[in-house]
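Step one of this worksheet: look at the structure below.
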Amino acid sequence: MDCANKELASDPSSTDENVDFAHVTAVASGWMLDFTFVSLCRSFKEGNFDEFNETLSVFQALSQCKSLKAAAHTEKSLICAFLARVMHGKQLDVLFEEDESVMPLMSAATVWSSLEHAVEDERLFENITVLLFVQAVAVCLDEGQRSSASSVLKWFENRHKFRKLGVKLTTIVTKMETYHPFLMSFSFNRLLETIQSFLDNYLEKNPSDFLLRAATRFVQSSPTGPDLNPVVSEDSTLSEKSNETIQKDKKTKRKLLSTTITDIWTPDTVKKPCVSLRRLSRNARKTLQTSKQQNTGKHKKRKTRKKWTPQLDKYLEDGVKRHGKGNWSQILLDYDFEGRTGIMLKDRWRILLKANQVS
């Protein structure tokens, strides 16, 4: 850093002598939001569930900055809401809307319909819509929930004009053909790949990498790179406590992304119908509502950890067979483990191995 830069860095007032500081704040906030958006897209592409959720929380905080009023930021917020719903697409017990019958991929389709103006390729937009439709049905069949699959069909038929597709899926649902070639050709992985194509095209047309490129140049110009190890070693105990706090927070309600364009973040006290991202299972939500009613006094009851059930053990075993031991984040995407984390899955797997219940 040269002398001029050192003087600028040491004098905070130098930035607002000739330029409105509020304007500077808006530009800097926009860069940070763009960086977080790119990071979120990267986590989605890599299927990193935990990192995605952490980055989503950061994006939420930044998007609440009053200086960010541009339509482009609102559009990116909707894309993030869409990605969040797809990431939870196979978790049928997760709620994103007030209507409990609306499952994650159904909610994703609602958000996606509001993003039509952001997709230049009409064919790509229609392909993703079809994939959301097919997979919303397929994940229900995969869980053996034929009635839910039928509800999904009716829900989509009332909102989209895919008559031939609806007839085809109705036949599959009636016969409970979980592994029908049609469903295999419109797989969940294909949905993810197609969405990634949309993200690649969107980022090409809407560059959001200014801060990313600046940080990359800084790292490349540094001989050894940022010295982060001392900080990590000194604060290791604090980091462990922070991780525990984060994991506990995942079991409780989070205010995340809304799909209401005029009001991206919706407060808890809102009574009118809205689409808000609530990463809660139905059971967890009922428990939370009950505890709110009961805990009106000063003393709150301590929550007891739910025991592992044979069904959860079966989910874990099936997940390991499908993705391999150690891929806990991927396994979490496939099944509802009632708020458990990847570390909890790993610990439970060790217990099952010691008890010779799995091989």
State the [atom1]-[atom2] distance between [X] and [Y], to the nearest 0.5 angstrom.
{"X": "M87", "Y": "S329", "atom1": "CE", "atom2": "OG", "answer": "8.5 Å"}
{"X": "H88", "Y": "D336", "atom1": "NE2", "atom2": "CG", "answer": "10.0 Å"}
{"X": "L115", "Y": "I128", "atom1": "CG", "atom2": "CD1", "answer": "9.5 Å"}
{"X": "L40", "Y": "S57", "atom1": "CG", "atom2": "OG", "answer": "10.0 Å"}
{"X": "T194", "Y": "Q196", "atom1": "OG1", "atom2": "CD", "answer": "10.5 Å"}
{"X": "L83", "Y": "T55", "atom1": "CG", "atom2": "OG1", "answer": "11.5 Å"}

Next on the checklist: side-chain contact (heavy atoms from CB on, under 4.5 Å) for F35 and S208? Distances and angles first, verdict last.
Outcome noted: CA-CA 7 Å; F35 173 78; S208 307; over 6 Å; no
Do [X] and [Y] belong to the same hydrophobic cluster, where Ile, Leu, Val, Met, Phe, Trp and Tyr are linked whenever their side-chain heavy atoms lie under 4.5 Å apart, directly or via other members?
{"X": "L345", "Y": "V358", "value": "yes"}
{"X": "V111", "Y": "V130", "value": "yes"}
{"X": "M344", "Y": "I331", "value": "no"}
{"X": "W328", "Y": "F44", "value": "no"}
{"X": "V94", "Y": "Y335", "value": "no"}

Answer whether the closest heavy-atom distance between the side chains of [X] and [Y] falls below 4.5 Å.
{"X": "L92", "Y": "E143", "answer": "yes"}
{"X": "F82", "Y": "I195", "answer": "yes"}
{"X": "N201", "Y": "L124", "answer": "yes"}
{"X": "M106", "Y": "E97", "answer": "no"}

State, to 0.1 Å, how close [X] and [Y] come at their nearest heavy-atom pair, and which atoms those are.
{"X": "F37", "Y": "C80", "result": "CD1-SG, 3.7 Å"}
{"X": "F125", "Y": "S113", "result": "CZ-CA, 4.1 Å"}
{"X": "L78", "Y": "S114", "result": "CD1-OG, 4.1 Å"}
{"X": "A136", "Y": "C140", "result": "O-SG, 3.4 Å"}

Item to check | Pairs meeting criterion salt bridge (charged side-chain N to carboxylate O under 4.0 Å, His left out) with involvement of residues 28-42, two or more places apart | outcome: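 Of all non-adjacent pairs touching residues 28-42, those that pass salt bridge (charged side-chain N to carboxylate O under 4.0 Å, His left out) are D34-K76, R42-E46.
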Just distance, no hydrogens or angles: give the donor-acceptor pairs under 3.5 Å from side chains in residues 174-188, sequence neighbours left out.
unit_1: T174; atom_1: OG1; unit_2: T170; atom_2: O; d: 2.8
unit_1: H180; atom_1: ND1; unit_2: F182; atom_2: N; d: 2.9
unit_1: S185; atom_1: OG; unit_2: P181; atom_2: O; d: 3.4
unit_1: S185; atom_1: OG; unit_2: F182; atom_2: O; d: 2.7
unit_1: S187; atom_1: OG; unit_2: R190; atom_2: N; d: 3.2

Under the side chain to side chain donor-acceptor pair (under 3.5 Å) test, which residues partner [X], sequence neighbours left out?
{"X": "D121", "answer": "none"}
{"X": "N327", "answer": "none"}
{"X": "T129", "answer": "W112"}

Next on the checklist: Tell me whether K314 is salt-bridged to D318, with the criterion being a basic N under 4.0 Å from an acidic carboxylate O.
Outcome noted: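 Salt bridge present between K314 and D318.
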Could you check whether any side-chain N or O of [X] sits under 3.5 Å from a backbone N or O of [Y], counting only pairs where one atom can act as donor and the other as acceptor?
{"X": "D142", "Y": "A138", "result": "no"}
{"X": "R350", "Y": "K346", "result": "no"}
{"X": "E317", "Y": "L312", "result": "no"}
{"X": "N53", "Y": "F49", "result": "yes"}
{"X": "R340", "Y": "F337", "result": "yes"}

Next on the checklist: Test side-chain contact (heavy atoms from CB on, under 4.5 Å) on F198 and I79; report intermediate values, then the result.
Outcome noted: CA-CA 10 Å; F198 157 69; I79 292 174; 4.0 Å; yes
Expected list for residues 147-157: side-chain donor-acceptor pairs under 3.5 angstrom, two or more places apart:
unit_1: S148; atom_1: OG; unit_2: Q145; atom_2: OE1; d: 3.0
unit_1: S150; atom_1: OG; unit_2: R146; atom_2: O; d: 3.2
unit_1: S151; atom_1: OG; unit_2: S147; atom_2: O; d: 3.1

Checklist entry - Is there a donor-acceptor contact under 3.5 Å linking the side chains of E193 and N189? => result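 Side chains of E193 and N189: no pair found under 3.5 Å.
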Item to check | Residue E120 excluded, over 12 heavy atoms near CD under 6.0 Å | outcome: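 Counting neighbours around CD of E120, 12 or fewer heavy atoms of other residues, nucleotides or ligands fall under 6.0 Å, so no.
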Next on the checklist: Please determine whether side-chain contact (heavy atoms from CB on, under 4.5 Å) holds for the pair K45 and L199, giving the CA-CA distance in whole Å, both sets of side-chain angles, and the decisive distance to 0.1 Å.
Outcome noted: CA-CA 9 Å; K45 180 179 181 179; L199 292 176; over 6 Å; no
